[in-house]
Amino acid sequence: SDRVDEYGFVRARLRLVGRSSSVYGTVVLDYEVLIDTATGKHFAIPEGYTLEGYSDGVLLLSKDGRYGYYSIEGKWIAQPIYTYAAPFVQGLAVVGYADGTRGMIDREGNIVLPFAFSHVSNVSSGLVSAYSEIGGWEVFSLVEIASESAPETLES
């Protein structure tokens, strides 16, 4: 399938429709899962969390109005502290807090764009646009650091 990512997972929505006379035709269960295409098994999402998105080998999970990121290796990349979060795009994700500030993190949870903006776009063609009351609109480009183990950073 073209929905299978490089890690061998596919995100799917499971719906169970009632068949008894009291709930016939009613959706009684509706949730999203991540399936390992090699084994057919569902990825074990931490108890009490909802899968909101998946990309780049990272699950976007929510619980009680907070969002965090969990890797397919089974560890938290970013604890569920954000009130706004988008799935990863090209290894970066836009996140934010209740006060309206937005920033950007990488797949290791490092902050690569500070929480100084009211709007941050997803990465597109290596560029990110961000808006703040003080600086207006700014465009940032991805700059790879020489060492592959170092996180990507954004440069204005």
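- Using modelled atom types, one side-chain atom of Thr37 and one backbone atom of Gly8 make a donor-acceptor pair closer than 3.5 Å.
- At a threshold of 4.5 Å between non-hydrogen side-chain atoms, the residues Leu34 and Leu59 count as touching.
- Side chain of Arg107 to main chain of Ile77: no donor-acceptor pair is present (N/O by atom type, distance under 3.5 Å, no hydrogens or angles).
- In terms of hydrophobic clustering, with Ile, Leu, Val, Met, Phe, Trp and Tyr side chains grouped at heavy-atom distances under 4.5 Å, Tyr49 and Phe43 are assigned to a common cluster.
- Between Asn122 and Pro87 the shortest heavy-atom distance is OD1-O, 4.4 Å.
- Here the side chains of Leu61 and Pro46 are in contact, with some heavy-atom distance below 4.5 Å.
- Remark: side-chain polar atoms of Ser132 are not paired, donor with acceptor, to backbone N or O of Phe117 under 3.5 angstrom.
- Atom CG of Leu51 sits about 5.5 Å away from atom CZ of Arg11, to the nearest 0.5 Å.
- Taking the ring centre of Phe115 as origin, the terminal cationic atom of Arg102 falls outside the region bounded by 6.0 Å and 45° from the ring axis.
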Can Ile81 and Tyr97 be said to form a side-chain contact (heavy atoms from CB on, under 4.5 Å), step by step?
CA-CA 8 Å; Ile81 59 171; Tyr97 294 108; 3.8 Å; yes
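- The backbone N or O of Ser129 sits less than 3.5 Å from a side-chain atom of Ser121, completing a donor-acceptor pair.
- Shortest non-hydrogen contact noted between Ile35 and Ala12 is CD1-CB, 4.0 Å.
- Put simply, the side chain of Asp36 never gets that close to the backbone of Phe9: no donor and acceptor are under 3.5 Å apart.
- Without hydrogens or angle criteria, Ser71 side chain to Glu73 main chain gives a donor-acceptor distance under 3.5 Å.
- Taking all atoms of both residues into account, the shortest heavy-atom contact from Val123 to Val89 is O-CG1, 3.5 Å.
- Using a 4.5 Å heavy-atom cutoff, the side chains of Phe88 and Ile105 are in contact.
- Val112 and Leu142 fall within the same hydrophobic cluster, defined by Ile, Leu, Val, Met, Phe, Trp and Tyr side-chain heavy atoms under 4.5 Å apart, directly or through other members.
- Taking the side chain as every heavy atom from C-beta outward, Ile45 and Tyr70 never approach each other to under 4.5 Å.
- Residues Met104 and Val95 are not in side-chain contact: their nearest non-hydrogen atoms beyond the backbone lie 4.5 Å or more apart.
- Rounded to the nearest 0.5 angstrom, Tyr82 OH and Ser62 OG are separated by 15.5 Å.
- Residues passing the ring pair (Phe, Tyr, Trp, His ring centres under 6.0 Å) test with Tyr67, sequence neighbours excluded: none.
- For the ring pair (Phe, Tyr, Trp, His ring centres under 6.0 Å) test, no residue two or more places apart in sequence or in another chain qualifies with His42.
- With hydrogens and angles disregarded, no donor-acceptor distance shorter than 3.5 Å links the side chain of Asp56 to the backbone of Val58.
- The main-chain N or O of Ala116 is never found under 3.5 Å from a side-chain atom of Thr101 such that the two would form a donor-acceptor pair.
- Residues Tyr131 and Val120 are not in side-chain contact: their nearest non-hydrogen atoms beyond the backbone lie 4.5 Å or more apart.
- For the ring pair (Phe, Tyr, Trp, His ring centres under 6.0 Å) test, no residue two or more places apart in sequence or in another chain qualifies with Tyr54.
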